[in-house]
Amino acid sequence: MSVYTLGIWTVHPGRENDFVQAWRDMARKTQEDFPNAKGVLMHDRDVPNRFISTGPWQSIEEVEQWRATEGVRQHMEAIKELLEHFEPHTLDEAARID
């Protein structure tokens, strides 16, 4: 079963477009370092400044390697300026429907 990362991002109102661009930049860097990485950023229709990101990983070790990369750390520092709040989560798959 896969491991997933999930982030709940609350962005300062008015900075939503800046956040989406910063997240894309981090995602591009992630794919450079981890070519098989996949992720999605979703925008909450009911709460305009809330976003949720998720992506599957092969193992917890891969997640830990990704989080430890200098590129991710640098991008996260830049993103933090745009945020009111951030909740990172690491999840194990419990069930699937395809």
Side-chain angles (χ1 to χ4, degrees):
M1 295 253 187
S2 295
V3 175
Y4 291 81
T5 52
L6 179 130
I8 302 170
W9 314 78
T10 306
V11 178
H12 291 297
R15 303 299 306 270
E16 293 86 356
N17 291 336
D18 295 330
F19 169 74
V20 170
Q21 185 58 52
W23 190 90
R24 282 185 178 144
D25 292 344
M26 182 175 64
R28 280 189 208 99
K29 179 59 178 158
T30 295
Q31 280 199 313
E32 286 177 18
D33 295 339
F34 298 86
N36 294 324
K38 302 220 182 310
V40 62
L41 179 66
M42 297 167 280
H43 187 206
D44 190 324
R45 289 181 178 216
D46 297 323
V47 182
N49 66 325
R50 183 168 48 206
F51 294 82
I52 297 173
S53 62
T54 190
W57 296 88
Q58 294 297 316
S59 66
I60 189 65
E61 291 81 15
E62 189 177 42
V63 171
E64 291 168 352
Q65 290 171 358
W66 168 68
R67 286 181 173 152
T69 63
E70 186 62 28
V72 167
R73 289 200 315 257
Q74 288 176 354
H75 283 284
M76 282 301 297
E77 284 301 313
I79 287 173
K80 282 181 185 178
E81 297 175 10
L82 305 171
L83 301 178
E84 289 182 353
H85 185 69
F86 174 57
E87 285 182 45
H89 299 274
T90 306
L91 308 166
D92 293 313
E93 185 176 303
R96 173 187 291 261
I97 183 170
D98 289 319

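These numbers come from the heavy atoms of this one structure, side chains and all, not from hydrogens, waters or symmetry mates.
Heavy-atom minimum distance, Gly39 versus Trp23: C-CH2, 4.2 Å. The shortest heavy-atom contact between Val72 and Trp66 is CG2-NE1, 3.1 Å.
Judged by distance alone, with hydrogens and angles left aside, the side-chain atoms of Glu16 form a donor-acceptor pair with the main-chain N or O of Gly14 at under 3.5 Å. At distances below 3.5 Å, not a single donor-acceptor pair connects side-chain atoms of Thr90 with backbone N or O atoms of Thr5. Side chain of Arg73 to backbone of Arg67: no donor-acceptor contact under 3.5 angstrom is found.
How far CG of Leu41 is from CE of Met26: 9.0 Å, rounded to the nearest 0.5 Å. For the atom pair CG (Asn36) and CD (Gln31), the distance works out to 9.0 Å, reported to the nearest 0.5 Å. The structure places NE2 of His89 at 9.5 Å from CD1 of Ile52, a figure rounded to the nearest 0.5 Å. Summarising the geometry, atom CG belonging to Asp33 is positioned 14.0 Å from atom CZ belonging to Arg28; distances are rounded to the nearest 0.5 Å.
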Please report the C-alpha distance between His75 and Asp25 in whole Å, then the side-chain angles of each, then the deciding distance to 0.1 Å, and finally whether the side-chain contact (heavy atoms from CB on, under 4.5 Å) criterion is met.
CA-CA 8 Å; His75 283 284; Asp25 292 344; 3.8 Å; yes
From CA spacing to verdict: side-chain contact (heavy atoms from CB on, under 4.5 Å), Arg96, Asp98:
CA-CA 6 Å; Arg96 173 187 291 261; Asp98 289 319; 3.2 Å; yes
Can you check side-chain contact (heavy atoms from CB on, under 4.5 Å) on Val3 and Leu91, steps first, answer last?
CA-CA 6 Å; Val3 175; Leu91 308 166; over 6 Å; no
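In terms of hydrophobic clustering, with Ile, Leu, Val, Met, Phe, Trp and Tyr side chains grouped at heavy-atom distances under 4.5 Å, Tyr4 and Val40 are assigned to a common cluster. Phe34 and Met76 fall within the same hydrophobic cluster, defined by Ile, Leu, Val, Met, Phe, Trp and Tyr side-chain heavy atoms under 4.5 Å apart, directly or through other members.
The aromatic rings of His43 and Phe51 lie parallel to each other, their planes meeting at an angle below 30°, with 60° marking the opposite boundary.
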Side-chain polar contacts of residues 6-13 - donor-acceptor pairs under 3.5 angstrom, sequence neighbours left out - could you list them?
unit_1, atom_1, unit_2, atom_2, d
Trp9, NE1, Ser53, OG, 2.8
His12, NE2, Leu83, O, 2.9

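No more than 12 heavy atoms of other residues, nucleotides or ligands lie within 6.0 Å of CZ in Arg45, so this atom counts as exposed by the packing criterion.
Side-chain contact of Glu61 with Gln65: a donor-acceptor pair under 3.5 Å is absent, judged by distance alone. Using a 3.5 Å distance cut-off with no hydrogens or angles, the side chains of Gln21 and Asn17 do not pair a donor with an acceptor.
In this structure the side chain of Pro56 reaches within 4.5 angstrom of the side chain of Lys38, judged on heavy atoms. Counting heavy atoms from C-beta outward, Thr54 and Met42 have side chains that approach closer than 4.5 Å.
Annotation for Ile97: hydrophobic cluster partners, listed by chain and number, are none (ILVMFWY side-chain heavy atoms under 4.5 Å, direct or chained).
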